[in-house]
Student: 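This is the structure, below, for whatever I ask next.
Chain letters run A, B, ... following the sequence lines, proteins first and then strands; every chain starts at 1.
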Amino acid sequence: MKFSNQLTVWYLHNKRDLPWRATKNPYYIWLSEIILQQTRVDQGMAYYFKFVEQFPSIFDLAAASEETVLKLWQGLGYYSRARNLHFSAKYVVNELQGEFPSKYKELLNLKGVGDYTASAIASICFNEPTAVVDGNVYRVLSRYFGIDTPINSSNGIKEFKQLAQALINTKIPGTHNQAVMEFGATVCKPQNADCNNCPLNNSCVALSKSIIKTLPVKEKKLKIRKRYFNYLVIKTKNKTTQLVKREKGIWLNMYQFPLVETDKPINQQELIEHSTFNELVDFNTVTIKLHTKSVKPHKLSHQHIYTKFWIIETPNSLKFRHSWSDIKKYPVPVLIDNFLNEFNYN
DNA sequence: GAAGCGTGGCG
DNA sequence: TCGCCAAGCTT
């Protein structure tokens, strides 16, 4: 209980003033938790305000199109969160008469809500004593108790969940959970932990052993896949172009230009020999310019994408129906958005 | 159980 | 520069 009490007292004096801390409305807490998955507060804040403004209630969110939701989510990444958020809003409205689930077990039925998020909503909104275990909690517990079990191993996941659950203050589970996370985010940070100003620095195992920097332990990392994208940016006299919707993998249901993907960099000659190119235009009638001056990788957490944008001017206007002036209405990945911002169509 | 899924900040 | 990491979830 000492652990919880000390952190809770610290939290009540030091917590940041965040907008979602002014409410216990499960819709807003849910929204904030989804936005903050694998995302820093500074990055997610603007999106929280946008969503609350555009969708004040879960009914507003459920009534929107997926494309609208993806467009509002554009730039935040991990777009399955937006698709699942929208799907679950429709589920709550249509199947649960708009009544948000109030129990941990029921919350798990929502797409995009896993153990962490269900615990967070249940404890914060409904006072259910379910412990959250996010990246902060792993770090705080592994250091304070000196546990070197890898946090991404199946044993580690079980061990830390059990420990977190044993430590929870059942009287104020929501405050307790937020206290541990806030402490991890602002004091017991991944780098440069502020042990001098830590309320637990007289009882922290890792500090007493000077092994703060070695904890938490994480097992190996994935290897980065390299991909080579060639986008075909159609340009017509009528200021139209061609967009296509992605149908699998990364950026699902978002828009991009027709894509030629290869496993090595290619030049113009290899491009015009590609079937995708020839299905789109007749190389005898078009002019091709490579827009990209130097290819810099778009770095995702799990792949590096090397992209060339090819500008294809064609006399055939009728086939390409997307007006360039409408292009900003479509949800697109940052890779495409960056291109749109630097490219002058005229 | 491992892999796939974004973007941006930081040292 | 580059690797690490962020209030994780799904398949």
Side-chain angles (χ1 to χ4, degrees), chain A residues 11 15-16 18-21 28-48 70 73-85 87-88 107-121 123-124 130-140 150-158 160-161 164 174 176-186 188-193 213 216-225 227 246 248-254 296-305 331-338:
Chain A
Y11 176 69
K15 65 179 175 181
R16 291 168 290 181
L18 303 175
W20 45 85
R21 289 187 173 153
Y28 292 124
I29 298 298
W30 171 55
L31 176 60
S32 72
E33 293 297 346
I34 301 297
I35 287 175
L36 291 175
Q37 286 170 4
Q38 298 287 280
T39 303
R40 288 185 171 75
V41 166
D42 288 342
Q43 194 188 356
M45 183 82 79
Y47 288 84
Y48 178 78
L70 279 173
W73 199 273
Q74 180 178 308
L76 195 54
Y78 283 142
Y79 297 96
S80 66
R81 293 183 293 172
R83 298 189 298 268
N84 289 335
L85 185 79
F87 182 95
S88 294
L107 288 160
L108 283 178
N109 293 330
L110 303 180
K111 267 194 191 178
V113 173
D115 181 74
Y116 163 79
T117 307
S119 300
I121 298 172
S123 63
I124 294 171
T130 49
V132 296
V133 184
D134 72 335
N136 293 306
V137 178
Y138 281 122
R139 189 169 55 256
V140 170
I151 60 172
N152 55 346
S153 65
S154 53
N155 280 338
I157 292 169
K158 251 184 283 181
F160 282 99
K161 176 74 180 181
H176 166 96
N177 278 336
Q178 293 185 83
V180 183
M181 291 190 286
E182 184 78 344
F183 172 70
T186 62
C188 197
K189 298 174 288 185
Q191 283 90 24
N192 303 326
K213 283 178 162 40
V217 172
K218 206 171 191 176
E219 276 174 348
K220 62 160 192 291
K221 42 169 303 204
L222 66 168
K223 47 184 166 188
I224 305 289
R225 177 162 69 126
R227 307 176 72 177
R246 288 189 63 89
K248 60 176 188 179
I250 195 170
W251 305 318
L252 179 67
N253 292 355
M254 300 179 80
K296 299 188 184 70
H298 186 69
K299 294 181 177 180
L300 314 183
S301 53
H302 47 294
Q303 48 184 284
H304 288 179
I305 302 178
V332 298
V334 165
L335 176 61
I336 300 289
D337 198 48
N338 287 343

Student: Taking CD1 from A:I124 and P from C:dA7, how many angstroms apart are they, rounded to a whole number?
Tutor: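 It works out to 14 Å between those atoms.
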
Student: Once rounded to the nearest 0.5 Å, what's the spacing between atom CD of A:Q37 and atom CG of A:D134?
Tutor: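 The distance works out to 10.5 Å.
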
Student: Using the P atoms only, state how far B:dG11 lies from C:dA7, rounded to an integer number of Å.
Tutor: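 About 15 Å, rounded to a whole number of Å.
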
Student: Just how far, in rounded Å, is C1' of C:dC5 from CZ of A:R139?
Tutor: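 Spelled out: CZ on A:R139 to C1' on C:dC5 is 9 Å.
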
Student: Determine the contact category for A:L18: base if any of its heavy atoms lies under 4.0 Å from a base atom, sugar-phosphate if only primed atoms, P, OP1 or OP2 are that close, otherwise nothing.
Tutor: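 If one applies the 4.0 Å heavy-atom cut-off, A:L18 turns out to touch a base.
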
Student: Determine the sole option in A:I121, A:V132, A:T130 for which the side-chain contact (heavy atoms from CB on, under 4.5 Å) test with A:Y116 is passed.
Tutor: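 Passing option: A:V132.
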
Student: Mind checking whether A:H298 and A:W251 have parallel, tilted or perpendicular rings, split at 30° and 60°?
Tutor: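 If you compare the ring of A:H298 with that of A:W251, the planes turn out tilted.
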
Student: Measure from CD1 on A:I224 to C1' on B:dT7 and round the result to the nearest Å.
Tutor: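 A:I224 atom CD1 is separated from B:dT7 atom C1' by 13 Å.
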
Student: Pick the closest DNA chain B nucleotide for A:K248 and for A:N152 by heavy atoms, then say which residue is nearer the 5' end.
Tutor: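 That would be A:N152.
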
Student: For B:dC5, take OP1 and OP2 only and decide whether either is under 4.0 Å from a side-chain N or O of A:W73.
Tutor: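 Indeed not, no polar side-chain atom of A:W73 lies that close.
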
Student: Roughly how far, to the nearest 0.5 Å, is the CG atom of A:L335 from the CE atom of A:M254?
Tutor: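 Going from the CE atom of A:M254 to the CG atom of A:L335 covers 11.0 Å.
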
Student: Just the rounded figure in Å: distance from C1' of C:dA6 to CZ of A:R81.
Tutor: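 It is 10 Å, rounded to the nearest whole Å.
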
Student: Nearest of B:dC5, C:dA7, C:dC5 to any side-chain atom of A:R16?
Tutor: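 In terms of side-chain proximity for A:R16, the closest of B:dC5, C:dA7, C:dC5 is C:dA7.
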
Student: Is A:H302 close enough to B:dC5 that one of its side-chain N or O atoms is under 4.0 Å from OP1 or OP2 there?
Tutor: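 Looking at the OP1 and OP2 atoms of B:dC5, one of them is under 4.0 Å from a side-chain N or O of A:H302.
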
Student: For atom C1', what is the distance between C:dC4 and B:dG6, given to the nearest Å?
Tutor: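 Here C:dC4 and B:dG6 have their C1' atoms 15 Å from each other.
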
Student: Once you apply a heavy-atom cut-off of 4.0 Å, does A:I250 come out as touching a base, just sugar-phosphate, or nothing?
Tutor: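 Sugar-phosphate only.
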
Student: A:Y79 has an atom OH; how far is it from atom C1' of B:dG6, in whole Å?
Tutor: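 Rounded to the whole Å, the gap is 6 Å.
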
Student: Check the interface with nucleotides 8-11 of chain C: list each N/O to N/O pair with the protein under 3.5 Å, or write none.
Tutor:
| residue | atom | partner | partner atom | Å |
| --- | --- | --- | --- | --- |
| C:dG8 | OP1 | A:G135 | N | 3.2 |
| C:dG8 | OP2 | A:Q38 | N | 2.7 |
| C:dG8 | OP2 | A:Q38 | NE2 | 3.2 |
| C:dG8 | O5' | A:Q38 | N | 3.4 |
| C:dC9 | OP1 | A:G114 | N | 2.7 |
| C:dC9 | OP1 | A:G114 | O | 3.3 |
| C:dC9 | OP1 | A:T117 | N | 3.0 |
| C:dC9 | OP1 | A:T117 | OG1 | 2.8 |
| C:dC9 | OP2 | A:Y116 | N | 3.4 |
| C:dT10 | OP1 | A:G112 | N | 2.6 |

Student: Does A:R40 have any salt bridge (charged side-chain N to carboxylate O under 4.0 Å, His left out) partners at least two apart in sequence or in another chain, and if so, which?
Tutor: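 Listed in chain order: nothing, the list is empty.
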
Student: Have a look at A:Q178 and say if it touches a base, only the backbone sugar-phosphate, or nothing, with a 4.0 Å heavy-atom cut-off.
Tutor: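 Here A:Q178 touches no strand at all.
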
Student: Heavy atoms under 4.0 Å, any strand shown: does A:G249 hit a base, just sugar-phosphate, or nothing?
Tutor: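 A:G249: backbone/sugar contact only, no base atoms under 4.0 Å.
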
Student: Going by the rule side chain to side chain contact (heavy atoms under 4.5 Å, CB included), which residues pair with A:L85 if we only count those two or more places apart in sequence or in a different chain?
Tutor: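 Counting only residues at least two positions away or on another chain, A:L85 forms a side chain to side chain contact (heavy atoms under 4.5 Å, CB included) with A:W30, A:L31, A:I34, A:F51, A:L61, A:W73.
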
Student: According to side chain to side chain donor-acceptor pair (under 3.5 Å), who are the partners of A:R81, at least two apart in sequence or on a separate chain?
Tutor: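 Counting only residues at least two positions away or on another chain, A:R81 forms a side chain to side chain donor-acceptor pair (under 3.5 Å) with A:T39.
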
Student: Does A:K189 NZ have over 12 foreign heavy atoms under 6.0 Å away?
Tutor: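 Counting neighbours around NZ of A:K189, more than 12 heavy atoms of other residues, nucleotides or ligands fall under 6.0 Å, so yes.
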
Student: Any protein N or O atoms within reach of nucleotides 8-10 of chain B? Criterion: under 3.5 Å, listing atom names and distances.
Tutor:
| residue | atom | partner | partner atom | Å |
| --- | --- | --- | --- | --- |
| B:dG8 | N2 | A:R40 | NH1 | 2.5 |

Student: For A:R21, what residues pass the salt bridge (charged side-chain N to carboxylate O under 4.0 Å, His left out) criterion, not counting sequence neighbours?
Tutor: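 A:R21 satisfies salt bridge (charged side-chain N to carboxylate O under 4.0 Å, His left out) with A:E182 once adjacent residues are dropped.
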
Student: Distance check needed: C:dA6 P versus A:I34 CD1, whole Å only.
Tutor: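 Rounded to whole Å, this separation is 18 Å.
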
Student: Find the distance A:F183:CZ to C:dA7:C1' and express it as a whole number of Å.
Tutor: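 The distance from CZ of A:F183 to C1' of C:dA7 comes to 16 Å, rounded to the nearest Å.
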
Student: Could you grab the distance from atom CG of A:L108 to atom CG of A:D115, nearest 0.5 Å is fine?
Tutor: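 Output value for this atom pair is 6.5 Å.
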
Student: Whole angstrom is fine here: how far is it from CG in A:L31 over to C1' in C:dA7?
Tutor: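 In whole Å, C:dA7 C1' lies 13 Å from A:L31 CG.
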
